[in-house]
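One structure is given below, encoded as structure tokens.
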2 protein chains.
Amino acid sequence: MNSLQIVEAPVDASCCVPSVKPALSADEAQQRALVFKALADPNRLRLLSIVKAGDSGESCVCDLTEPLDLGQPTVSHHLKVLVEAGLLHREKRGTWAYYSLVPGALEQTAGLLESL
Amino acid sequence: MNSLQIVEAPVDASCCVPSVKPALSADEAQQRALVFKALADPNRLRLLSIVKAGDSGESCVCDLTEPLDLGQPTVSHHLKVLVEAGLLHREKRGTWAYYSLVPGALEQTAGLLESL
DNA sequence: CACCTATATCGATGAATGTCAATCTATGTG
DNA sequence: CACATAGATTGACATTCATCGATATAGGTG
């Protein structure tokens, strides 16, 4: 079944000409899909938006639970997904956990799209 | 002295100043999540990439099945998802179906991110 | 210490999703 | 017409995921 081996020839066009960009490899695609998976949920988009809209640049979980009309564990779960995707930064101060946008992360993700 | 009238402008910041953008509504978030759902799969990212990399600007299903190592129905399914997300355009000519990038769709989606 | 509060983690459950084999549709071609 | 081919659709199955209630952890306060 998976016995066929397509040995990539060492054709090295990588040096001078930008030429044609090759299509995404399976590994690259898998990697990039992770970020979009994190963005593929309306509540997570709202979380990012609320954090971004906050004037202090950061929000704690207690400020995020109410506007989303979700349980606290669910919000905590979504925030974790966003942190693991590299979109949010988490900082714990005292009893509270403050979440803020990772600088440039959204722009970088947007770049992933245009450079497909 | 205090007869001078500092006529306070009828504070209507809604016209000129961008002011603070409100956070995403539930409906807006739901809508935007649809596109990211379509992008949240490595094989669909590869499909977009392959179609984009093709020099003719379009690819037919038969050209997309092999590099992805997926069955034809599965590829057809993914293509449908991408079309419904507004990312791909489908044109049938004879027996073949040709898929091409919707012009500006990727850039517009990237814009969704930066304007969160 | 005991108690409260903010947040994270765990386990369960129902819904959504990716994949395939089988089948259907439509457009060729002899 | 009979047959072949490209592609879409259907139904089933396994996996992933969003959500919740219950519980754990950890910092603050008396």
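Order of the sequence lines fixes the chain letters, A, B, ..., with proteins taken first and strands second; residue numbering starts at 1 for each chain. Source: prediction; values computed, not measured.
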Check your understanding: Between Tyr99(B) and dA6(D), does any side-chain N or O lie under 4.0 Å from OP1 or OP2?
Key -> no
Exercise for review: Would you kindly give the CG-to-P distance between Leu82(B) and dA8(D), to the nearest whole Å?
Suggested key: 12 Å
Check your understanding: Looking at OG of Ser76(B) and OH of Tyr99(B), how far apart are the two atoms once the value is rounded to the nearest 0.5 Å?
Key -> 5.0 Å
Practice item. Check whether any side-chain N or O of Glu84(B) sits under 3.5 Å from a backbone N or O of Val81(B) as a donor-acceptor pair, and report yes or no. Key: no
Check your understanding: Which part of the nucleic acid, if any, lies within contact of Tyr98(A), taking any heavy atom under 4.0 Å across all strands shown: a base, the sugar-phosphate backbone alone, or nothing?
Key -> nothing
Review point. Rounded to whole angstrom units, what separation is found between the CH2 atom of Trp96(B) and the C1' atom of dG28(C)?
Key: 8 Å
Practice item. May I have the distance from Arg93(A) (atom CZ) to dT7(C) (atom P), rounded to whole angstrom? Key: 12 Å
Review point. Within the structure, does a side-chain N or O atom of Lys80(B) lie under 4.0 Å from either OP1 or OP2 of dT9(D)?
Key: yes
Exercise for review: Figure out the NE2/P separation between His78(B) and dA16(C), and round it to whole Å.
Suggested key: 18 Å
Check your understanding: Mind checking whether Leu48(B) and Arg44(B) have side chains closer than 4.5 Å, heavy atoms only?
Key -> no
Practice item. For atom CD of Gln30(B), decide whether the heavy atoms of other residues, nucleotides or ligands shown that lie under 6.0 angstrom number more than 12. Key: no
Revision key, fill the gap. Taking for Ser76(B) and for Ala40(A) the nucleotide of DNA chain D with the nearest heavy atom, the one nearer the 5' end belongs to Ser76(B)
Could you list all N or O pairs between the protein and nucleotides 13-17 of chain D that sit under 3.5 Å apart?
none

Check your understanding: According to a strict under-4.0 Å criterion, is Arg90(B) in side-chain N/O contact with OP1 or OP2 of dG7(D)?
Key -> no
Check your understanding: Going by an N to O cut-off under 4.0 Å, is there a salt bridge joining Glu58(A) and Arg93(A)?
Key -> yes
Point to revise | Gln72(B) backbone acceptor or donor facing Thr65(B) side chain under 3.5 Å | key: no
Practice item. Specify the separation, in whole Å, of atom CG of Asn43(B) and atom P of dT17(C). Key: 16 Å
Check your understanding: dA8(C) P sits how many Å from Leu64(A) CG, rounded?
Key -> 10 Å
Can you pull every protein N or O that's under 3.5 Å from an N or O on nucleotides 20-24 of chain D?
{"unit_1": "dC20(D)", "atom_1": "OP2", "unit_2": "Gly71(A)", "atom_2": "N", "d": "3.1"}
{"unit_1": "dC20(D)", "atom_1": "OP2", "unit_2": "Thr74(A)", "atom_2": "OG1", "d": "3.0"}

Review point. Within this structure, what is the CG-to-P distance between Leu88(A) and dT7(C), rounded to whole angstrom?
Key: 14 Å
Exercise for review: Report yes or no: does Ser49(A) contribute a side-chain atom to a donor-acceptor pair with the main-chain N or O of Leu45(A) at less than 3.5 Å?
Suggested key: no
Check your understanding: Can you tell me how far P of dA26(D) sits from CD of Glu91(A), to the nearest Å?
Key -> 18 Å
Review point. Side chain of Lys37(A), backbone of Ala40(B): donor and acceptor closer than 3.5 Å?
Key: yes
Exercise for review: Kindly give the heavy-atom pair with the smallest separation between Leu88(B) and Leu79(B), and that separation in Å.
Suggested key: CD1-CD2, 3.7 Å
